[in-house]
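When reading the values below, keep in mind they use all heavy atoms of this one structure, side chains included, and skip hydrogens, waters and symmetry mates. On a predicted model such as this, the values are computed, not experimentally measured, just so you know.
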Amino acid sequence: MEKISKILALIGVLIVVVGFVLNDILIDFTAYFNILMVLGVSTFVFFILCNFNILKVFSKKKTTRYGATSVLGTLIFVSILIVINMIAHYRWTKIDFTRESRHSLPSTTVNILENLQNDVTITSFLSKGTEFQKKMSVFINKFSEYTDKITIVHVDPNVDTIMVRKYNIPFQTIVFESGDRSYRIELDISTEVKKEDTIAKVRNIHSLITNAVNRVSKAKKKKVYFLAGHGENSLYDKTGAGASNIINHLTKMNYVVDSVSLLKGKKVLDDCDVLVILNPKKPFLKEELAILDDYIVRNGKMAIFVDTDTHYDIIKFLDKYGLHVNTDIIIDKTIALQKGDYTTPLITKEGYNQKHNITKGFRESIFLLGARSIAFTKEFQPWQKYVYLAKTQRYPVSWAETNVMDLKNAVLDQGVDIPGPVQVAGIFTYDAALAKGDRQVTPEGDEDVSQIALFGDSDFITNRRFNYSGNATLFSNTINFLAREMDLISVETPAAIGSTIILSETDKALLNYFSIYIFPTIVFITGIVVWLRRRNL
């Protein structure tokens, strides 16, 4: 009987092995697989019943007890791993040890996600199979790790044409939806790039995705009005000198954008969150200037862009508050050496005020054209505050030239011209209530005060230059700050830091010997020693 049971046990093992192999190869083999498993287990049980005495004697040996202890320890260890994995599935955390935190979202993004009030659906229309799509999908999925209010949907536009027609969008687009609000980002990935460049490209658009999520989740849309009626750069002019790109840009950021005339009376600005004055070239009526004064008293927020041909009325209006626009043109020798154009100042990262929210962390260069220098000229009062946002490079690279008739031969005239760095952008805060004596101290926040962002150039945000370098980003940051959309101000993603290790030929040889010969040999010898010791027990 013992021989028969041993033969059946071997047959049972073969049945189980064959069952697993056939189940892996054949389709719809489940029923037969279950039958083979029952037969295999039955032969094993029959073997145990027939050889119970042998097993009883075998179980009393030291080797058996040690072996059972090892098996039990292994089972306990595996059980602990299973429990930890189950806990981690429901309550997980992670630590990113990379220097530039390449596997984590920035803290500002995490803060926005953790404080979302409304559900947001992110639908990505990215062609599957590309390196960009793989990295982008992993990156987008991270947004749902920090909140249960984010739903991620991945669509292959080459396959799901119904969804493409439903949304009426081009390929390589990400759509954000929350209630009746929507926003989309169209990605320019027409050319293949290297793997490391793809990773950088994915990380560099994190602020766009964060802004989009935050925008659509908010119930109220802020209103940005552009002053019209004085020869300003038109929002509806699609030529290079127009400003139609601004409409598209702000609309995508979920702002309501429109032009406004002050001739309709001061109530026209009652629902205005930010008023933009873009290089007015014609005079203002006294009634219009009075409306602007009233808007400031009512804690209005304005962004004013002047130029060499800006009408004097708005310059005089600003001067009343201490904001002075100089009659000059900024000369910059850096760009002149490259293009022969002395009047194209370059603002680099060293020129930005890193203590102000608009330009803090801002590193992109800005190209201006025919810019004028600005300054705050009055003595500061408790209800006034002014800080610069951007300034040019130091003399002799740049200066403000007052002799605007002979710019090609321009040289700095001491006592007349202003040596660099000269300011080209600043922000002025005015507390009307404190000025009138209605309160004693200006509040810590800027909600209940008026602010004017002044730029000495308007050309950099026209259609011809709006998308150059950081021009659009600086404009967006300014509008977001004035509209009190502080969490939407763009901050660059930390650049990936290279960690290249250069090995000598000796180092390479040692690495090969240790990894291929020494470490495997140590493991093999250790195994032999343990086996021999266990055998002698």
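Asn326 and Ser373 share a donor-acceptor pair across their side chains, judged by distance under 3.5 Å alone. Using modelled atom types, one finds a donor on one side chain and an acceptor on the other under 3.5 Å when comparing Ser244 with Asn463. Donor-acceptor pairing under 3.5 Å is recorded for the side chains of Ser127 and Gln172. Residues Tyr167 and Glu177 have side chains that bring a donor and an acceptor to within less than 3.5 angstrom of each other. There is no side-chain donor-acceptor pair under 3.5 Å between Gln133 and His154.
What you find for Ile374 and Val424 is that their closest heavy atoms are CD1-C, 3.9 Å. Nearest heavy-atom pair across Ile330 and Pro345 is CG2-CG, 3.7 Å. The shortest non-hydrogen separation linking Val120 to Val213 is CG2-O, 4.1 Å. Of all heavy-atom pairs spanning Ala243 and Leu278, the tightest one is CB-CD2, 3.8 Å. Of all heavy-atom pairs between Lys266 and Arg298, the closest is O-NH2, 3.6 Å.
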Exercise for the section: Quick one: do Thr310 and Asn279 satisfy side chain to side chain donor-acceptor pair (under 3.5 Å)? Show the steps, please. Expected result: CA-CA 5 Å; Thr310 299; Asn279 189 27; 2.5 Å; yes
Problem - Worked check of side chain to side chain donor-acceptor pair (under 3.5 Å) between Tyr321 and Asp293 - result: CA-CA 10 Å; Tyr321 290 95; Asp293 280 322; 2.6 Å; yes
Exercise for the section: Take Thr429 and Gln451 through the side chain to side chain donor-acceptor pair (under 3.5 Å) test and state the conclusion after the steps. Expected result: CA-CA 4 Å; Thr429 302; Gln451 288 186 311; 3.0 Å; yes
Problem - Ser450 and Asn299: CA distance, side-chain angles, deciding distance, side chain to side chain donor-acceptor pair (under 3.5 Å) verdict - result: CA-CA 4 Å; Ser450 177; Asn299 303 323; over 6 Å; no
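In this structure the side chain of Val257 reaches within 4.5 angstrom of the side chain of Phe226, judged on heavy atoms. At a threshold of 4.5 Å between non-hydrogen side-chain atoms, the residues Phe143 and Ile209 count as touching. Residues Ile304 and Leu318 are in side-chain contact: their nearest non-hydrogen atoms beyond the backbone lie under 4.5 Å apart. Thr123 has its side chain out of reach of Phe176: every pair of non-hydrogen atoms, C-beta onward, lies at least 4.5 Å apart.
Put simply, CD1 on Ile152 and OG on Ser137 are 10.0 Å apart, with the number rounded to the nearest 0.5 Å. Interatomic distance, Thr348 OG1 to Ile366 CD1, rounded to the nearest 0.5 Å: 10.5 Å. Taking NZ from Lys391 and CD from Glu350, the interatomic distance works out to 11.0 Å, rounded to the nearest 0.5 Å. Within the model, atoms CD1 of Ile479 and NZ of Lys301 stand 12.5 Å from one another, a figure rounded to the nearest 0.5 Å.
Under the 4.0 Å criterion applied to side-chain N and carboxylate O atoms, Lys281 and Asp307 are not assigned as salt-bridge partners. We find that Asp431 and Arg439 are joined by a salt bridge, their nearest charged nitrogen and carboxylate oxygen being less than 4.0 Å apart. Using a 4.0 Å cut-off between charged side-chain N and carboxylate O, Asp273 and Lys223 make no salt bridge.
Centroid-to-centroid, the aromatic rings of Tyr388 and His356 stay 6.0 Å apart or farther. For Phe460 and Phe367, the ring centers sit 6.0 Å or farther from each other. Residues Phe428 and Tyr386 place their aromatic rings such that the two centres sit no closer than 6.0 Å.
Side-chain atoms of Ser144 never come within 3.5 Å of backbone atoms of Ile150 as a donor-acceptor pair (strictly under, hydrogens ignored). Of the possible polar contacts, none joining the Asn471 side chain to the Asn467 backbone as a donor-acceptor pair under 3.5 Å is found.
A cation-pi arrangement is not found for Arg464 relative to Phe466, the charged atom failing to lie both closer than 6.0 Å to the ring centre and inside a 45° cone about the ring normal. In this structure, Lys142 is not positioned above the aromatic face of Phe139 in the sense of NZ or CZ being under 6.0 Å from the six-membered ring centre and within 45° of the axis.
Ring orientation note: the planes of Tyr352 and Phe362 are nearly perpendicular, at an angle over 60° on the 30°/60° scale.
No option in Val224, Val260, Asn233 other than Val224 meets the side-chain contact (heavy atoms from CB on, under 4.5 Å) test with Val276.
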